[in-house]
2 protein chains.
Amino acid sequence: MTQGKSGHVTLLDVARACGFSVSTVSIVLSEAPLSQNVAAKTREQVRTMARKLGYHPDAFARSLRSRSSQTIGVLAFDLSDPFCIPVVRGIQAGLYPARYLPLLIDAQTQRRLFDSYVKMILERRAESLIVIASWVFDEANLLADLKKNHVPIVIIGRDLSERGINSVLVDNEAGGALAMRHLTELGHKRIAVIRGPEEMFDSEPRWAGIQRAAVSAGIKLNPKLVFQLPGLVDPASGFEGGIRLAKEMLASERPFTAVVAFDDLTALGVVRGLTGAGVRIPDHCAVVGFDGVLPAEVATPAITTIRQPLKEMGMQAAEWVMQAIAKRGRGIDEAPRLYKAQPELVVRDSTSVPPQRRRLDRERNGREP
Amino acid sequence: MTQGKSGHVTLLDVARACGFSVSTVSIVLSEAPLSQNVAAKTREQVRTMARKLGYHPDAFARSLRSRSSQTIGVLAFDLSDPFCIPVVRGIQAGLYPARYLPLLIDAQTQRRLFDSYVKMILERRAESLIVIASWVFDEANLLADLKKNHVPIVIIGRDLSERGINSVLVDNEAGGALAMRHLTELGHKRIAVIRGPEEMFDSEPRWAGIQRAAVSAGIKLNPKLVFQLPGLVDPASGFEGGIRLAKEMLASERPFTAVVAFDDLTALGVVRGLTGAGVRIPDHCAVVGFDGVLPAEVATPAITTIRQPLKEMGMQAAEWVMQAIAKRGRGIDEAPRLYKAQPELVVRDSTSVPPQRRRLDRERNGREP
DNA sequence: CGTCTTTATTCAAACGTTTGAATAATTATG
DNA sequence: CATAATTATTCAAACGTTTGAATAAAGACG
């Protein structure tokens, strides 16, 4: 074969092999508008030869020339957060039809890596950037670096629309309310709450939702039963926090029949902590989480949770990104968009009616069987 | 600014701005060998100007010219398998020092997607490909397509060294033995086993290890207590299988005090199934898993498991890949390598001594306190 | 038969970088 | 002082593709 030193078959190789010019071959193989003018016989010849030689277009040359990389940078702040995977799937699904490829990177919760990868992604001329902010992170110069480069950005998991960035996230307020309402409807009155760490932007709205639902159910939350996770280092550390706070809860000696945990891992920590002290879930105490990640699903008892429509959120981000690219600069300064996905209550086995009520139920059932 | 229509700052822009030629600027900024010959003052000027204009080299042009993409394709067969993330981290860690970027793609357990992504990765001229075969998959034409393109390949999670492909995987035989030995050392005699699905290549060696350890402990495995997962569609379906088989175990009415599950999710399924029937873990029955993934760690009781050194495996793959690239073709036809990582027993709360023995222990303790 | 359109193909420039070879300027050597 | 060696900078070609403009050949029209 006539392959150049690169080891790859090029247009020139194909052209020589079938006796046409590089242009013709390019036009045929890339199905450019001009290819209508190419004789059917020629087209056939070119295509056959390309296949025979095993020609694959070189994405670099193509991108260089056509200034489009067909690539979207996807930067996950911490890919080990189970939150991320369904989001990524959504993004991939949204990108695939347009033959765009995500350049997916895990910043491993490290600022330094994050910055460095942003740079590498820009060098690769990703046409847009999607950031999955699954975990605490401060984005000070992210903004600066990117606005400069006219790259459309979408952030998933935080509301930065105020600061000019398209944002996709779950409606945390609604989710918090959903969790609380579930418990009050089951009849719980003394409910402990574990709020998220201060640095996490989800914490506040979830807490607001919880309070709203408590008020509308006519329930007073005892401030002594409201806890807060400390600033955390990685997504799994909510688990440790949950264990510790469960113990504090018990030590406080204030009675409670249910716990609203900040997220699923925290809920799993609470289950661990309470179980260790002989409290049975859900018989003695109900626990509800937030997110809907795998570990909560396969634990026993399975954790009742507020599910985020993660895949949908990823697809939404991908869709916006594709739209922004289609506009190519025009309208880049539109007002940033905000999409709040609606969470969904998933009732599983970690919640049931509170103990007193269960006793009542039992008596009632005993009376009229 | 003098930016061209691309919106990006190019070498030419920098060159014009500081009055040197493109060559000089390139030499300085890419720190080519020749840059030693460039006057210190010039170097300084160029660098300052580049920073001022916000120059980022264009990876396409660079790759096109230097025929190296600084990219490694990483194709996960199913990224939702918790197995993958630590592996990916290892790969990223191994690649980072060389400033290589993984092009990470999730094939979502779909052959069609897999093939299509392989193609896209090749078009992007990834210099090598790492496949994470976390889950059942058949690689018939994978081989064909890639051997043709002279791209070095490493597969993680399967032994394809016989078929000419560098392979990194855990020593499944040793792992199986480790699991079984743990149980026999605790004093278990009647042990149920759930083997992996036939299509999974891990299944056989794990089973072999289990048998070996049983023999050397002088224990006979009751064939009626050996079960097998059906062919599965996704990694989480081991969980469902575990539930079902746990019920079959109980239905068989053959006594057992421990279960070796194929993997962690299966183990979690077994816990669910047994717990549902009133069997307490680990008091009535011990359960041991395999993999060491997050869900097994945060469940209550935490699952005793055989941990795969996933990060290490990812780094090993990255290292091989970098070596292969350093050789650039020379030695591409070396014998394929095989690395079997040593698994590690992680004792947690799902295993303890069998019930009979516990009774004995208690009596003995009672006798001499 | 000259001109105009249509059809089929090719030219050549451009994308932004790297790099071997060339040039120019300076300094050291014989 | 000529030559060689060193230092500083630039030329120009190349990487593989796309694409507007050019060319060439054929058919259609007046």
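Here is the naming used below: chain letters follow the sequence lines, and residue numbers restart at 1 for every chain.
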Please report, rounded to the nearest Å, how far the [atom2] atom of [N] is from the [atom1] atom of [X].
| X | N | atom1 | atom2 | value |
| --- | --- | --- | --- | --- |
| B:Phe60 | D:dT17 | CZ | C1' | 13 Å |
| A:Lys41 | C:dT7 | NZ | C1' | 14 Å |
| A:Ile27 | D:dG16 | CD1 | C1' | 15 Å |
| A:Leu64 | C:dG16 | CG | C1' | 6 Å |
| B:Leu29 | C:dT19 | CG | P | 14 Å |
| A:Gln36 | C:dT6 | CD | P | 14 Å |
| B:Glu123 | D:dT18 | CD | P | 11 Å |
| A:Leu34 | D:dA22 | CG | P | 15 Å |

If you check the B:Ala39 side chain, which of D:dG16, C:dA12, D:dT9 turns out closest?
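Nucleotide nearest to B:Ala39's side chain: D:dT9.
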Closest to the A:Val22 side chain: D:dT10, D:dT18, C:dT17?
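For A:Val22, the side-chain atoms sit closest to D:dT18.
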Determine the contact category for [X]: base if any of its heavy atoms lies under 4.0 Å from a base atom, sugar-phosphate if only primed atoms, P, OP1 or OP2 are that close, otherwise nothing.
| X | result |
| --- | --- |
| A:Phe20 | sugar-phosphate |
| A:Ser30 | sugar-phosphate |
| B:Ser63 | nothing |
| A:Asn37 | base |

Work out which heavy atom in A:Val9 is nearest to a heavy atom in A:Leu53; give both atom names and the distance.
CG2-O, 3.3 Å
So does [X] get a side-chain nitrogen or oxygen closer than 4.0 Å to the phosphate oxygens (OP1/OP2) of [N]?
| X | N | answer |
| --- | --- | --- |
| A:Thr42 | C:dT9 | yes |
| A:Thr24 | C:dT10 | yes |
| A:Ser21 | C:dT10 | yes |
| B:Thr10 | C:dG16 | no |
| A:Ser26 | D:dT18 | yes |
| A:Arg67 | C:dG16 | yes |

Judged by atom type as modelled, is there a donor-acceptor pair below 3.5 Å linking the side chain of A:Arg158 to the main-chain atoms of A:Phe201?
no
Is the backbone of A:Ser26 close enough, under 3.5 Å, to the side chain of A:Ser30 for a donor and an acceptor to pair up by distance?
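Yes: the side chain of A:Ser30 pairs with the backbone of A:Ser26.
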Side-chain donor-acceptor pair under 3.5 Å between A:Tyr100 and A:Ser128, yes or no?
no
If you go through the side-chain atoms of A:Arg65, does one of them form a donor-acceptor pair with the base of D:dT18 closer than 3.5 Å?
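Per atom types, the contact qualifies.
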CD-CD distance between B:Glu312 and B:Glu319, expressed to the nearest 0.5 angstrom:
10.5 Å
Derivation of the ring pair (Phe, Tyr, Trp, His ring centres under 6.0 Å) call for A:Tyr117 and A:Phe77
CA-CA 11 Å; A:Tyr117 281 132; A:Phe77 197 61; over 10 Å; no
Residue met sooner reading DNA chain D from 5', once B:Arg125 and B:Arg43 are mapped to nucleotides:
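Final value for this comparison: B:Arg43.
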